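Here's the structure, in structure tokens; my notes come after.
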Amino acid sequence: MVAVAGPKTGADRYLEVGFTGGAGTLAGGASTGELQLRLNKSDWSNFNESDDYSRAANTVYGDASKVAAYVGSTLAWGIEP
């Protein structure tokens, strides 16, 4: 978890996930399939998500537009808070 330099309501930290190396290329518009991330606090206590900008109460898989994805420093997906 990384602290946001200029916190906004519902967003004061972010999770950074990176990919390096590679086993090939991916054509523009192609899909890699499903990506799931799981995280926990070091003491395994519950997160308080009541003021989490990206939190959604979905019951099915779907696009997560409030999860921003960057390629380098360019916003490639989603909506920042």
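Small disclaimer: the values here were computed from a predicted structure and weren't measured.
- Contacts classified as salt bridge (charged side-chain N to carboxylate O under 4.0 Å, His left out) and involving residues 54-75 (residues at least two apart or in different chains) are given here: Glu49-Arg55.
- Asp52 is linked by a side-chain hydrogen bond (donor to acceptor under 3.5 Å, both in side chains) to Ser54, counting only residues two or more places apart in sequence or in another chain.
- Asp43 meets the side-chain hydrogen bond (donor to acceptor under 3.5 Å, both in side chains) test with Ser45; sequence neighbours excluded.
- Listed here is the closest heavy atom pair of Val71 and Ala76: CG2-CB, 3.8 Å.
- In Tyr61, the OH atom is not crowded: 12 or fewer heavy atoms of neighbouring residues, nucleotides or ligands sit closer than 6.0 Å.
- Remark: Ser42 pairs with no residue by the side-chain contact (heavy atoms from CB on, under 4.5 Å) rule, at least two apart or across chains.
- Every residue meeting the side-chain contact (heavy atoms from CB on, under 4.5 Å) condition with Leu15, not counting sequence neighbours, appears here in chain and number order: Met1, Val17, Leu37, Leu39.
- Taking Ile, Leu, Val, Met, Phe, Trp and Tyr as members and joining any whose side-chain heavy atoms lie under 4.5 Å apart, directly or through other members, the hydrophobic cluster of Tyr53 also contains Ile79.
- For Asn40, the side-chain contact (heavy atoms from CB on, under 4.5 Å) partners two or more places apart in sequence, or in a different chain, are Trp44.
- Residues satisfying the side-chain hydrogen bond (donor to acceptor under 3.5 Å, both in side chains) test with Asn46, not counting sequence neighbours, are none.
- Smallest separation of non-hydrogen atoms from Trp77 and Val67: CD1-O, 3.1 Å.
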